[in-house]
Amino acid sequence: MHIAEGYLPPVHAAAWGVASAPFVVHGVRALTREVRANPESTLLLGAAGAFTFVLSALKLPSVTGSCSHPTGTGLGAILFRPPIMAVLGTITLLFQALLLAHGGLTTLGANVFSMAVVGPWAGYGTYLLLRRSGAPLMAGVFCGAFVADLSTYCVTSVQLALAFPDPGSGVAGSLAKFGGIFAVTQLPLAVSEGLLTVLVMRLLTQSSKGDLLRLGVLAPASRERHGKKEAAA
């Protein structure tokens, strides 16, 4: 879920805003460099941002009246790396707060930190680890998208637990409650997002192979054959 407007105590809202700001600033610089160096990336950047906007705008009812949704950040993180995804995610969350009443301005920093910072980094790290271990591209894409989605909700659970500790069991008890509530719907959603991201990546390998080669998502055929020979040896 996006944490709703006014839901966090002011101190917590401000702290998460401060924590998110350096990642967004760094992302703006990375995005500027990418667009200047490769203007042809603009269309794919827009597609990655639109993918995040559409998926994260889907509200699906969870237990106890809360809502869950996919995040869509794994695809952009794999294509353009997490710093750029911090910017695309922030723009997405800002527009959703202003136009859809999804999230809020006071909680923007907290939502950015969970969905646009931690999610992309966790997903990209998982993808990179699997690829360097020799896993197929689509296996890495699926796991990256799955972890990006699930880690976002883990961080959101932590944020809510810190803001509203349980009177008896404290932050740990509150974390268990929030995490348990979200897990019911988020685990199948994370699987679904992983499968959808694989489908989109398959389409991109057919329609935008040149861009994927330039971005390093696909390896040149010569390097791929060399890797297969080394694996066989």
Side-chain angles (χ1 to χ4, degrees), residues 1-21 23-24 52-74 77 82 85-86 89-90 92-97 100-126 143-197:
M1 61 173 276
H2 296 342
I3 301 177
E5 179 69 62
Y7 195 72
L8 290 178
V11 173
H12 287 252
W16 289 116
V18 170
S20 300
F23 293 95
V24 178
T52 298
F53 184 89
V54 171
L55 284 194
S56 60
L58 298 174
K59 285 186 178 182
L60 301 173
S62 182
V63 295
T64 68
S66 64
C67 292
S68 293
H69 58 81
T71 64
T73 58
M85 203 58 230
T90 299
T92 291
L93 289 164
L94 181 60
F95 272 89
Q96 288 175 348
L100 303 178
H102 197 179
L105 296 179
T106 61
T107 56
L108 182 63
N111 291 328
V112 165
F113 192 83
S114 63
M115 194 181 100
V117 176
V118 174
W121 275 108
Y124 181 70
T126 301
C143 292
F146 175 88
V147 170
D149 181 299
L150 206 58
S151 61
T152 295
Y153 278 79
C154 290
V155 174
T156 299
S157 298
V158 171
Q159 291 171 328
L160 293 173
L162 290 172
F164 306 103
D166 186 86
S169 52
V171 172
S174 183
L175 178 60
K177 291 178 182 177
F178 281 117
I181 289 171
F182 294 144
V184 174
T185 48
Q186 205 57 38
L187 282 170
L189 272 178
V191 172
S192 300
E193 180 172 341
L195 294 173
L196 179 59
T197 306

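Here the structure is a predicted model, which is why all the values come from computation and not from measurement.
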(request) Return the minimal non-hydrogen interatomic distance between Pro165 and Ser174, and the atom names on each side. (result) CA-CB, 3.9 Å
(message) Any heavy-atom pair between the side chains of Leu55 and Leu58 that's under 4.5 Å?
(response) yes
(message) Testing the 3.5 Å rule here: is there a donor-acceptor pair between the side chains of Gln159 and His12?
(response) no
(request) Mind checking the NE2-CD1 spacing from His102 to Ile3? Nearest 0.5 Å is all I need. (result) 11.5 Å
(request) Check step by step if side-chain contact (heavy atoms from CB on, under 4.5 Å) holds for Thr156 and Met115. (result) CA-CA 9 Å; Thr156 299; Met115 194 181 100; over 6 Å; no
(request) Check whether any side-chain heavy atom of Ser56 lies under 4.5 Å from a side-chain heavy atom of Thr92, and answer yes or no. (result) yes
(request) Using the salt bridge (Lys or Arg N to Asp or Glu O under 4.0 Å) rule, collect all pairs that involve residues 180-196, keeping only residues at least two apart or in two chains. (result) none
(message) A side-chain contact here means heavy atoms from C-beta on lying under 4.5 Å apart; do Thr52 and Met85 qualify?
(response) yes
(request) Report yes if some heavy atom in the side chain of Leu187 is under 4.5 Å from a heavy atom in the side chain of Leu150; otherwise report no. (result) yes
(request) Taking all non-hydrogen atoms of both residues into account, name the closest pair between Ser20 and Val112 and its distance. (result) CB-CG1, 3.9 Å
(message) With rounding to the nearest 0.5 angstrom, report the CG to CD distance, Leu94 to Gln96.
(response) 10.0 Å
(message) Could you work out, with ring pair (Phe, Tyr, Trp, His ring centres under 6.0 Å) as the rule, every residue matching Phe113, not counting sequence neighbours?
(response) Trp16
(message) For the OG atom of Ser157 and the NZ atom of Lys177, what is their distance to the nearest 0.5 Å?
(response) 13.5 Å
(request) Calculate, to the nearest 0.5 Å, the distance between atoms OG1 and CG belonging to Thr73 and Asp149 respectively. (result) 7.5 Å
(message) Nearest 0.5 angstrom please: Leu108 CG to Leu8 CG, how far?
(response) 11.5 Å
(request) Considering non-hydrogen atoms only, spot the tightest contact between Pro82 and Pro120 and give its length. (result) CG-O, 3.8 Å
(request) Looking only at non-hydrogen atoms, find the nearest pair between Gly103 and Ala97 and report the distance. (result) C-CB, 4.4 Å
(message) Could you walk me through whether Glu5 and Thr107 satisfy the side-chain hydrogen bond (donor to acceptor under 3.5 Å, both in side chains) test, starting with their C-alpha distance in whole Å, then the side-chain angles of each, then the deciding distance to 0.1 Å, before giving a yes or no?
(response) CA-CA 6 Å; Glu5 179 69 62; Thr107 56; 5.6 Å; no
(request) Find the distance between OG (Ser114) and NE2 (His2) and round it off to the nearest 0.5 Å. (result) 8.5 Å
(request) Give a yes or no on this: more than 12 heavy atoms of other residues, nucleotides or ligands lie within 6.0 Å of atom CZ of Phe53. (result) yes
(request) Check ring pair (Phe, Tyr, Trp, His ring centres under 6.0 Å) between Phe164 and all other residues, then give those that pass, not counting sequence neighbours. (result) Tyr7
(request) Check Ala161 against Val171 and note the closest heavy-atom contact, atom names and distance. (result) CB-O, 3.7 Å
(message) Using the ring centroid of each side chain, check whether Tyr153 and His69 are separated by less than 6.0 Å.
(response) yes
